[in-house]
Amino acid sequence: MDRSDDVLVETRNLTRALGDGAAQQTILHDISLSFDRGQFVALTGASGSGKSTLLYLLGALDRQSGGEVWIEGVEMGALDDDDRAAFRNERLGFVFQFHFLLPEFSALENVIIPMMRRGNWSRSEAEDRGYEALRMLDLHELYFRKPGQLSGGQQQRVSIARAVANEPSLILADEPTGNLDSKNAEGVFQVFANLASEGRCTVVMVTHDADFARRANRQVRLKDGRVIEDSTQHGPTSVGRA
Amino acid sequence: MTPLATIKTISFIALRQLWERKLLNGIAVGGVTLGVLVLIAMNGIMLGFSDKFTSAILKISPHVILFDTELRPVSPLLERYMQTPVAAQIAHESPTDRQVRIKRPYEIVNALRQVPEVEAAAPSLAGMVLLEFGGKTKSVDLRGIEVAAQDLVTPIHQYVKSGRLRDLDTSHDSIALGAGIAQDLGLKVGDSVRAAAPGGKPLDLLVVAIFEAEVPPIDKTRGYTTLRTAQTLLGRPDAIGRIEIRLWDPADAIRVNDSLERMFGYDGESWKETNANFLAIFAMQDMIVGFVVGAILLVGGFGILAIQIMIVLQKQRDIAILRSVGLRRSDILRIFLMQGVIISLVGGLLGDGLGKVAIYYLGQLPVKAEGLVKTDTFLVKEDPAFYVYGIGFALLVGVIASLIPAYRGSRVEPVEVLRGQIG
Ligand SMILES: Nc1ncnc2c1ncn2[C@@H]1O[C@H](COP(=O)(O)OP(=O)(O)OP(=O)(O)O)[C@@H](O)[C@H]1O
Ligand SMILES: [Mg+2]
């Protein structure tokens, strides 16, 4: 399977230390991973093993202490603050562990703010796309509601819609199903699985759900900041390149 | 990456966040409004008063007066040569033994009329006389004038309430009196009043006109006769004691006065020097108003600062979201700056509007005053510049006040916020 041109994300000896001086603590040790375009990766590991930290580094939100993060041929550590923001805006979609929405804006507005900033689409085009993304998550009927008028699970799905609506090449999701009931969790899993299988993007999803982890294309398990397991598998989602 | 998209996104976010915090931001707006309102009202009052005063002065006072005191460049020279003032003291004549008058006054008047800054010039003689009527006496600041020429310098005829100023020329030994004097002595046009001054010849004068300039210090003390009558009364035949001058632009007075002094060698005085005490008070009042308005705007600025700092601290999470979905640091900075500008702009506009209303109602306020100037209402004057200053200062305060919160907001590190939430 020599598909080096299909590699979307690659980390080389990625290291992250936090704190300084005597209190310094290495949270990620020499992580070298590569994810292909269209891959659906489950990131697992015990609490405190460094999953979120790795996700922030893959998402150009945090800066590594050592090593490199390449996404679509760009090394994140070499970009300045504005370029990283632009990169996040155009190529990445985030879903955070705790649904993060702007309370003053409706569901639809939350979804379209990244698209507005990007400026590729007119306001009405962006709204159409946002509405479609909400429909995919079965929230289109509530598009006008503010986060305060939505349940926790609904808010989480709005933040997923925001992450996918901008057509990112990489979606980074930190326990997106953590607060959802099994039916909604399954729905979210399916959305990611479909996006990945259609080859539209690569999904890296942190999950504590063993079932989801097993059903992803690949499972990467962390322990104390090191990769202790990396298994490619065939879940219900086909890898999509047969 | 089009700048327009950036501006649209930023203003979308900035406006919505402002709107959703109506109470807090309303308080911030209120602070600015108050500052601008006070700025306009105070300046209106100050300008109203100083303007009224200035126009009262200029109504009936000349812009520059040349007196009969000769400037003597010789004395300082002598003084300098002797290295001591003693010699100058010896050379100094005592005032009594020299004829105090302007020499060849009509040549000077004619020359003055050729000076480009000068609108009109008129020779006159001033002195104190005692008026006596019906057992009452009153001392009067008498001016002997050439009626037509003087009226071009200080338009007295405009303020004549009864009688006619020109009758001074036609009827012999006549006088025009300020309304205050006429009232005190119970005089009417047509009455005859006894006038006398030390060293002069007493005369019975016919009251031909009564004027009221609504400048109490003048209305209560001033009387006009012809030059000849005054010369007789004061016992100074043919003497011209002063030349009064009107300029095209009263603001030039100090400069023109200096050059006239040099040109003619007589001591001159501009209206600004004559009224230096009052003008100094106005300058001081302006300064005090400046301090008060500055302080209130400062407080308004601190209002914006405090509220925005609070919002920035509360909204760390929101800033982290915006940054993580791709807004730049500069976008965050601009969102808060824009909010500061909008707060101050709204505050400034409201302040301008309320200021206009305040000026209107202050101007209607009945106040009876008869001191330096006479008025029935509160003295206010509007100047369009107030409103420009109002908005200008509001914006300045708003931008400066929101710089710190905006900078803080732009320094928020999304990961730190995200970690904080998780930890
Ligand atoms: N600000 C910090 N300073 C020092 N250490 C930190 C800081 N934030 C997190 N850590 C440590 O970094 C390690 C990795 O944290 P991280 O949040 O990546 O774990 P995680 O795998 O996402 O855990 P969870 O499943 O609970 O979300 C943990 O041991 C944590 O204690
Ligand atoms: Mg985590």
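Computed from a predicted structure; not experimentally measured. The chains referred to below are lettered A, B, ... by the order of the sequence lines, with proteins before strands, and numbering in each begins at 1.
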Smallest separation among heavy atoms of B/Arg317 and A/Pro103, with atom names: NH2-CD, 4.4 Å
Residue, of B/Ala320, B/Ser330, B/Ser324, that accumulates the most heavy atom pairs under 4.5 Å with chain A: B/Ser324
Check: B/Ala5 main-chain N/O paired with A/Arg117 side-chain donor or acceptor under 3.5 Å: no
NZ/NE/NH1/NH2 to OD/OE distance under 4.0 Å, A/Asp82 and B/Arg329: no
Closest non-hydrogen atom pair between A/Tyr56 and B/Leu418, with its separation: OH-CB, 3.4 Å
Smallest separation among heavy atoms of B/Lys8 and A/Met116, with atom names: O-CE, 4.2 Å
SB check A/Asp80 B/Arg328 (cutoff 4.0 Å): no
Per-residue contact mode, A/Leu101 against chain B (heavy atom under 4.5 angstrom): backbone
A/Leu18 portion near chain B, given a 4.5 angstrom heavy-atom threshold: side chain
Chain B contact via A/Phe87 - side chain, backbone, both or neither, heavy atoms under 4.5 Å: neither
Validation row: B/Phe12, A/Arg123 side chains within 4.5 angstrom (heavy atoms): yes
Value rounded to 0.5 Å, distance of CG in A/Asn89 from CZ in B/Arg323: 11.5 Å
Under-4.0 Å salt bridge between A/Lys146 and B/Glu20: yes
